[in-house]
Number of protein chains: 2
Amino acid sequence: MTGRVQGTGADAVSRVIEEWHRERPDLDPSPIEVLGRLHRSFLLYQTQTSRPVAAAGLSLAGFDVLAALRRSGEPYRLTAGELAAASLVSSAGVTLRLDRLEGEGLLVRERDAKDRRVVHCRLTPAGLHLIDRLFAEHLDNERRMLAALKPKERTQLASLLEKLERSLSDAQEQ
Amino acid sequence: MTGRVQGTGADAVSRVIEEWHRERPDLDPSPIEVLGRLHRSFLLYQTQTSRPVAAAGLSLAGFDVLAALRRSGEPYRLTAGELAAASLVSSAGVTLRLDRLEGEGLLVRERDAKDRRVVHCRLTPAGLHLIDRLFAEHLDNERRMLAALKPKERTQLASLLEKLERSLSDAQEQ
DNA sequence: GAGTAGTTTTTCACCGGTGAGAAATACGGG
DNA sequence: CCCGTATTTCTCACCGGTGAAAAACTACTC
């Protein structure tokens, strides 16, 4: 018997699909097999990732910006536009992130001398120190989250997620 | 030569990993192969999913609630707690979602007669009609997003995401 | 070199989420 | 019954995101 109630029996998404199949047998709910699980996995990931970052007084949004600057290498400097593109965030969102991080002294804004529209963001020593400490922790935390996957499953999943990202990008185009 | 600049060359996550490898060769960034792609895929998914839903005057949050009620079957009624659990949202978040949907006449709150703490939420005819119309569109939209994946890739990805969700759940436990 | 189009970032008004704790109710044991 | 504990939902103060439009600037064209 497959029909479970609400609780913790099988997989939440499997139950969702069973319910839709019962209620709307005219529809094919199979996309949920992938995208519903994407959604739920992301929410779990987000919740668990933010905890240690928040313990250091940072949000995931702030962490994301500092990480982008750090991995860009010296002089740890990117424009607001580059940060928006790297994080898939709107330009308004980036402005907000920068306001907070600049207020906390983790980065500084510097107007470009040649093209005075563009704003460069540069890590301060405090920002560099913080992200260097947090990022190692962050990776360890992520490793814990993947502990139940075998190495082969991880590489397969990575490869399929890469294809998924491309598929989603394609769909966006038109 | 593998080092690409910023643009559209290979995969954004591959570039991120190359950068980290260059900047912090002491760390193993491999979790990003999976979780960075999870993150980006989710953001793309979210953006594209919200468009048609928003065109009907609804947010993804509202859509999520109506869908949970609809698939629960007649009488299309769940408690606030059940909705929170189904959507991985805090109780405060559910209250907010319900306020908006009730204000728009898409559901009604009904206090339980036996246990007056619990609030049942029931789809109104307007809510039922709206979600029945939108959900079919939504599935078609999701199918478009998966178009570049072969059937076999979809089932593999679904199965690996199920394992990932379980791995993330396990990690949450302690 | 003035006008126009295009770009980059910021502002504004809003939605949607959280954690902590309050409020209301239920329940079990003396 | 009454008390302490647990459960369920809501309130409050806040963070973080968006789209549209403004602001600041560049660059093209005539």
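Because only heavy atoms are used, hydrogens play no part in the values below, and waters and symmetry mates are left out as well, while side chains stay in. Letters go in sequence order (proteins before strands), and every chain restarts at 1.
Scanning residues 90-98 of chain B for heavy-atom distances under 4.0 Å to DNA chain C yields B/Ser90, B/Ala92, B/Gly93, B/Leu96, B/Arg97. Using a 4.0 Å cutoff on non-hydrogen atoms, no part of residues 43-65 of chain B comes near DNA chain D.
Under the rule for a salt bridge (charged side-chain N to carboxylate O under 4.0 Å, His left out), A/Arg100 has no partner lying at least two apart in sequence or in another chain. In this structure A/His138 satisfies the side chain to side chain donor-acceptor pair (under 3.5 Å) test together with A/Glu142, sequence neighbours excluded. B/Ser167 is linked by a side chain to side chain donor-acceptor pair (under 3.5 Å) to nothing, counting only residues two or more places apart in sequence or in another chain. B/Arg22 is linked by a salt bridge (charged side-chain N to carboxylate O under 4.0 Å, His left out) to nothing, counting only residues two or more places apart in sequence or in another chain. Looking at residues two or more places apart in sequence or on another chain, you find a side chain to side chain donor-acceptor pair (under 3.5 Å) between A/Asp140 and A/Arg143. For B/Asp132, the salt bridge (charged side-chain N to carboxylate O under 4.0 Å, His left out) partners are A/Arg24, B/Arg70, not counting sequence neighbours.
Distance CD (B/Glu110) to P (D/dT9): 14 Å, rounded to an integer number of Å. When rounded to the nearest whole Å, the span between CG of B/Leu101 and C1' of C/dC15 equals 13 Å.
The backbone N or O of B/His120 sits nowhere less than 3.5 Å from a side-chain atom of B/Thr79 that would complete a donor-acceptor pair. No donor-acceptor pair closer than 3.5 Å links the side chain of A/Gln48 to the backbone N or O of A/Tyr45.
Within the structure, side chain to side chain donor-acceptor pair (under 3.5 Å) contacts touching residues 145-156 of chain A (residues at least two apart or in different chains) are A/Glu153-B/Lys163.
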Determine all donor-acceptor pairs shorter than 3.5 Å in which one atom belongs to a side chain in residues 54-69 of chain B; sequence neighbours excluded.
unit_1, atom_1, unit_2, atom_2, d
B/Ser59, OG, B/Ala61, N, 3.3
B/Ser59, OG, B/Gly62, N, 3.0
B/Asp64, OD2, B/Ser87, OG, 2.8
B/Asp64, OD2, B/Arg97, NH1, 3.1

Filtered N/O pairs between nucleotides 4-8 of chain D and protein, under 3.5 Å:
unit_1, atom_1, unit_2, atom_2, d
D/dT7, O2, B/Arg117, NH1, 2.8

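Between A/Arg100 and D/dC15 there is no side-chain N or O to OP1 or OP2 distance below 4.0 Å. Checking the phosphate oxygens (OP1, OP2) of C/dA24, no side-chain nitrogen or oxygen of B/Arg116 falls inside 4.0 Å.
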**Prompt:** How does DNA chain D read in dot-bracket, base by base from 5' to 3', with Watson-Crick or G-U pairs under 3.5 Å and | used when the partner is on another strand?
**Reply:** ||||||||||||||||||||||||||||||
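Note that NE2 of A/His39 is 13.0 Å distant from CG of B/Leu161, once rounded to the nearest 0.5 Å.
Of all heavy-atom pairs between B/Arg117 and B/Arg111, the closest is O-NH2, 3.1 Å.
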